[in-house]
Number of protein chains: 2
Amino acid sequence: MPVQMHHPSLDEVALSAVFAALSDDHRRGVVVTLAADPDRELPCSALSVPGSKSTRSYHWKVLREAGLIVQRNTGTGMTLRLRAEEFDARFPGLLTNLLHLEGITPAPEGPAPEGPAPEGPAPEGFTEPNPRT
Amino acid sequence: MPVQMHHPSLDEVALSAVFAALSDDHRRGVVVTLAADPDRELPCSALSVPGSKSTRSYHWKVLREAGLIVQRNTGTGMTLRLRAEEFDARFPGLLTNLLHLEGITPAPEGPAPEGPAPEGPAPEGFTEPNPRT
DNA sequence: ACCGGGGTACGAAGATTTTCGAACCACCCC
DNA sequence: GGGGTGGTTCGAAAATCTTCGTACCCCGGT
């Protein structure tokens, strides 16, 4: 009924909701597409989610309630915008990592051409959190 | 029936399956608990997943089919081991990021106390993938 | 003012996930 | 070898997620 629907504050969204939202290929595709856009905002007519009007609307809702997008009303039509900064503040690195996994941004670690840095926290591999205390 | 059940190869698991597996609090708890262990392996009697025997077994199966764990038979009882290296090779950074989000490992970027490095790829914030080409 | 495009909310039907009990299997210990 | 412990699998029941049609709303154009 309101011309502006409800968007949760980022600290009331649970990690479970985020993973659930991202576990669907179409929804994940929307996030990736938005992230790849310079404005991180696109008319939802530009997003490739199959199904009827109501089905598409349902998916926007899931993404909205996971804190991933804002839906904005633009007279005719509507746009989806990725809540990139807010989201990254709440779940640091998640979005960034998703884009790496989807190949949108290059992996942070190509094979280092020279000069390995055995000092400092190497940002690659799976560094054990608790190396045998 | 076999004494050793089927574990998928990592490159036949889809990102969707991983997110679906991690969207459950109990299952995510298992992954985090295993990751916090120095051996990344624990008897499944040590994991805190509520429910009947069959329910617990069902959750191991979901995690197994997401490529997250290996189930090993130890005479009496059974252990779950996190497939950390393999998994990280297939989905780089995902596990690492999860541990940060769950507060198991410190965030890679505290507020740098001194000497900001405006050069080089800053590993924080949500760096735009495609800054307005 | 009416119409049409684009969207949301609400049920209901269909598909998938989660839970459980029962049947069964493998191993250890007495 | 028999019994108990710890686990898997198979259905079936319950809960949840997904899809869709319908009703309704808002806005812009004619």
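Keep in mind that what you see is a predicted model, and the values were worked out from it rather than measured. A note on names: the letters A, B, ... follow the listed sequences, proteins ahead of strands, and every chain is numbered from 1.
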Q: What's the CG-P distance between B:Leu63 and C:dT18, to the nearest Å?
A: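 That distance rounds to 11 Å.
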Q: B:His59 NE2 to C:dT19 P: how many Å, rounded?
A: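 Between P of C:dT19 and NE2 of B:His59: 4 Å.
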Q: Given the structure, check if the side chain of A:Thr76 and the base of C:dG5 hold any donor-acceptor pair shorter than 3.5 Å.
A: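 Checked by distance alone, the answer is no.
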Q: Select one nucleotide: of D:dT8, C:dG6, C:dC28, the one nearest the side-chain heavy atoms of A:Lys53.
A: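 It is C:dG6.
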Q: With respect to the side chain of A:Arg27, which nucleotide from D:dT18, D:dT8, C:dG21 is positioned closest?
A: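 Selected nucleotide: D:dT18.
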Q: Is there a donor-acceptor contact under 3.5 Å linking the side chains of A:His7 and A:Arg64?
A: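 No.
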Q: In whole angstrom, give the distance that lies between atom CG of B:Asp25 and atom P of C:dT19.
A: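 Roughly 11 Å, once rounded to whole Å.
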Q: What's the closest nucleotide to the side chain of B:Ser54 if the choices are C:dA22, D:dG7, D:dT19?
A: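 Minimum distance to the B:Ser54 side chain belongs to C:dA22.
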Q: Under 4.0 Å between a side-chain N or O of B:Ser52 and OP1 or OP2 of C:dT19?
A: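 So the side-chain polar atoms of B:Ser52 never come under 4.0 Å of the phosphate oxygens OP1 or OP2 of C:dT19.
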Q: Can you find a side chain N or O atom of A:Gln4 that sits less than 4.0 Å from OP1 or OP2 on C:dT8?
A: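 For C:dT8, OP1/OP2 do not have a side-chain N/O of A:Gln4 under 4.0 Å.
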Q: I want to confirm an ordering. Mapping A:Gly77 and A:Arg64 to their closest nucleotides on DNA chain C, which one lands closer to the 5' end?
A: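 Per heavy-atom nearest nucleotide, the more 5' residue is A:Gly77.
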Q: According to a strict under-4.0 Å criterion, is A:His26 in side-chain N/O contact with OP1 or OP2 of D:dT18?
A: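 A:His26 to D:dT18 OP1/OP2: no side-chain N or O under 4.0 Å.
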Q: If I take atom NZ in residue B:Lys61 and atom P in nucleotide C:dT17, what distance separates them, rounded to the nearest angstrom?
A: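 Those two atoms, NZ and P, are 11 Å apart.
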Q: Do B:Arg81 side-chain atoms and B:Asp39 backbone N/O form a donor-acceptor pair below 3.5 Å?
A: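 Checked: no pair found.
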Q: Expressed in angstrom and rounded to an integer, what is the separation of B:Tyr58 atom OH from D:dA14 atom C1'?
A: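 Spelled out: OH on B:Tyr58 to C1' on D:dA14 is 13 Å.
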Q: Within less than 4.0 Å of OP1 or OP2 of C:dG7, is there a side-chain N or O belonging to A:Ser57?
A: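 No, outside the criterion.
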